[in-house]
Amino acid sequence: MNLFKRTLAACRKGTSSASGTASPEVRPATHDDSNDKVRVTLENLLRFKRNEQPPVEFWQQFDRALRAKQLAAIVARRPWWTPLARHAGLVSRYSIPLGAAAALTIALAGFHAYRAFAPARSGGSGAENVATSLPERTEVAASRAEAPAPVVSEETSTLAIVPDGRVVAAVAAYHDSVKREVTAPARMDARSLALDAGSETSESPSARWIAANLAAAQAAEPEVIRNLLGLSRSLDARIVPAVRSRAEPLEQMAPPSSERRSRLLGGVVPALATYDADVPVPVSDRFVQGLSDERLYQTVSRYAEGGQYLSIKVKF
Amino acid sequence: MASPDRLQEADEDWNIVRRVQEGDVAAFDLLTVKYRNRIYGVVYNLTSNREDAADLTQDAFIKAFQSIQRFQGQSSFFTWLYRIAINSTLSHLRKNRVRSFFSLERINTDEPVSRELIAALTDKTGADRETYARELQEKLNEAMQKLSIKHRTVVTLFEIDGLSHQEIAEVMNCSVGTVRSRLHYAKQLLQGELQHYLR
């Protein structure tokens with residue numbers, strides 16, 4: 001028991017003089033009173049590690065190194081993003097609403113940018129008004145031809161000079177492949193230049209100037225102008241390839257219904273009795289080339305006619 | 001609930017911190033001298049490497065010095081400094097989980113507690129006693145390093161540094177129940193590892 005008291009006193013004295021700081025309270029090792037010997041517990045073993053202390057000279061070196069690091073920290077310039085990183089902790093608290101707002105802003109900005117870009121693509125000045133669908137453009141030209149006008153009509157180009165001074169030039173060109181592919185009238189590449197001095201679509205000064213000059217020249221010498229404009233066919237033919245590249249790919253594609261109809265009706269194409277000039281008859285180029293009149297005659301096995309229809313059965 | 005000594009200590013620290021915040025940079029040395037031993041002891045017991053412990057202790061003081069303007073006194077400086085040191089140490093341990101080796105301090109076997117413990121474990125004297133103490137030290141550090149980082153931290157702070165459960169919970173930013181649970185689990189593992197020495 002005396003040993004325990006002495007140990008306890010030594011422990012208290014030792015810890016208070018060892019560190020000189022607010023070190024934790026040292027609990028003495030547990031003693032077994034029966035045989036007056038220390039009972040080794042896990043706590044005692046762990047407390048043994050408290051005596052792993054560095055020597056005094058270690059602290060001198062430690063203080064020197066710490067002072068050097070402290071001075072370096074004072075002198076060193078912090079990176080520019082340090083204040084931002086400090087505020088990032090506040091921002092992270094509202095990360096979800098801020099992220100949603102950012103996504104919404106980006107979506108709205110993209111939508112506005114798309115809307116601003118789309119009319120510029122589809123609209124534009126008269127020189128940029130490129131037609132990709134010939135029937136639509138010919139309708140426009142026809143609607144503007146209010147009175148019988150001297151129309152120079154060619155297979156590949158159309159020029160209409162309207163008497164009231166407006167000049168409408170519709171230049172159309174069929175691509176060579178269009179002649180072979182009857183199924184795709186919509187694939188006809190075309191260019192329509194609409195120069196209208198009074199319209200809102202050709203607002204450029206040069207267009208108005210050209211239109212005014214043409215109107216004046218036509219009033220003075222119509223024959224010369226007609227011959228002159230007739231020569232523009234070669235020029236238009238040179239323009240067409242450049243226009244083709246600007247056509248919309250989606251508009252050049254035939255709709256799925258057209259392709260399906262072409263496939264179903266391909267076999268009865270020889271029955272051209274149902275051919276309507278306004279309705280394009282879908283037929284493949286390969287089929288037409290390989291079909292002679294003699295073969296057509298031999299393959300027709302049966303035909304019948306009704307009130308409104310003609311049915312021809314063909315065997316291949 | 002903090003003890004009166006702790007509260008008085010926290011007030012003293014807060015006064016020093018305010019002096020540093022007002023521009024008296026030299027006042028920070030008072031805090032350094034006051035806490036360097038304890039911070040080093042905690043970091044050393046977590047890493048079992050004295051060179052790493054020295055570097056990490058210095059880094060903790062530098063971080064505290066750089067951030068002292070943001071210290072508002074919501075917790076005691078002691079808790080705040082411990083948190084910085086332990087977070088730095090945990091980050092270091094996670095980065096160097098694979099590369100770890102012992103670099104142990106010399107153990108002072110002249111201390112009464114050490115002497116008494118070694119006397120209870122062995123009858124050796126003189127140089128053999130020193131060797132036995134060294135072997136025990138290595139076994140203890142080896143067993144500590146087998147614990148997970150969180151469990152090792154709790155054991156170090158409670159058994160070696162003498163912090164209360166509440167203080168450990170504040171330092172580790174968890175509940176007191178979590179601290180108790182981790183401490184219980186860690187002790188079970190250590191008892192299994194050090195069964196040979198327990199009598």
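In what follows, every chain begins at residue 1, and chains take the letters A, B, ... in the order their sequences are listed.
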Student: Please check if atom CZ in A:Phe62 has more than 12 non-hydrogen atoms from other residues, nucleotides or ligands closer than 6.0 Å.
Tutor: yes
Student: Could you go through the salt bridge (charged side-chain N to carboxylate O under 4.0 Å, His left out) check for B:Lys187 and A:Glu43 one step at a time?
Tutor: CA-CA 9 Å; B:Lys187 279 185 176 180; A:Glu43 287 76 16; 3.0 Å; yes
Student: Any chance you could measure B:Ser48, atom OG, to A:Lys49, atom NZ, to the nearest 0.5 Å?
Tutor: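 These two atoms lie 5.0 Å from each other.
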Student: Check whether more than 12 heavy atoms from other residues, nucleotides or ligands sit under 6.0 Å from atom CD of A:Gln61, and answer yes or no.
Tutor: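 No, because the 6.0 Å sphere around CD of A:Gln61 holds 12 heavy atoms or fewer from other groups.
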Student: Hey, are the side chains of A:Gln70 and B:Val25 touching, using non-hydrogen atoms and a 4.5 Å cut-off?
Tutor: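 Yes, close enough: below the 4.5 Å cut-off.
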Student: Side chain, backbone, both or neither: which part of B:Thr156 has a heavy atom under 4.5 Å from chain A?
Tutor: neither
Student: Hey, are the side chains of A:Leu45 and B:Leu198 touching, using non-hydrogen atoms and a 4.5 Å cut-off?
Tutor: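 Yes - at least one pair of side-chain heavy atoms lies under 4.5 Å apart.
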Student: Can you tell me how far CG of A:Leu66 sits from CZ of B:Phe65, rounded to the nearest 0.5 angstrom?
Tutor: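 One gets 9.5 Å once the value is rounded to the nearest 0.5 Å.
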Student: Identify which of B:Val155, B:Asn45, B:Leu194 forms the greatest number of heavy-atom pairs closer than 4.5 Å to chain A.
Tutor: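 Of the candidates given, the most pairs with chain A belong to B:Asn45.
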Student: How many angstroms lie between CG in A:Asn51 and CD in B:Gln137, if you round to the nearest 0.5 Å?
Tutor: 9.5 Å
Student: Measure the acute angle between the ring planes of B:Tyr40 and A:Phe58, then classify it against the limits of 30° and 60° as parallel, tilted or perpendicular.
Tutor: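 Answer is tilted, since the angle falls between 30° and 60°.
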Student: Can you tell me if B:Trp14 has over 12 outside heavy atoms packed within less than 6.0 Å of its CH2?
Tutor: yes
Student: Are A:Lys69 and B:Asp59 packed together at the side-chain level, in the sense that at least one heavy-atom pair is separated by less than 4.5 angstrom?
Tutor: yes
Student: Could you tell me which portion of B:Ala133 (side chain, backbone, both or neither) has an atom closer than 4.5 angstrom to a non-hydrogen atom of chain A?
Tutor: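 For B:Ala133, the contact with chain A is made by backbone and side chain together.
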Student: Heavy-atom cut-off 4.5 Å, strictly under: side chain, backbone, both or neither for B:Phe78 against chain A?
Tutor: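 Neither part.
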Student: I'd like to know whether B:Asp161 forms a salt bridge (charged side-chain N to carboxylate O under 4.0 Å, His left out) with A:Arg50, so could you lay out the CA-CA distance, the side-chain angles of the two residues, the decisive distance to 0.1 Å, and finally the verdict.
Tutor: CA-CA 8 Å; B:Asp161 205 42; A:Arg50 286 180 186 170; over 6 Å; no
Student: A quick test of your reading: do over 12 heavy atoms of other residues, nucleotides or ligands sit less than 6.0 Å from CZ of B:Arg18?
Tutor: no
Student: About how many Å separate CZ of A:Phe48 and CG of B:Leu140, when rounded to the nearest 0.5 Å?
Tutor: 7.0 Å
Student: Would you mind reporting whether B:Asp29 and A:Asp63 have side-chain heavy atoms less than 4.5 Å apart?
Tutor: no
Student: Using a 4.5 angstrom heavy-atom cutoff, name the option from B:Arg50, B:Gln66, B:Gln191 with the most pairs to chain A.
Tutor: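 Top count of heavy-atom pairs under 4.5 Å with chain A: B:Gln66.
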Student: Apply the test side-chain contact (heavy atoms from CB on, under 4.5 Å) to residues A:Trp59 and B:Asn37: give CA-CA distance (whole Å), side-chain angles for both, the deciding distance (0.1 Å), then the verdict.
Tutor: CA-CA 9 Å; A:Trp59 293 116; B:Asn37 210 340; 3.7 Å; yes
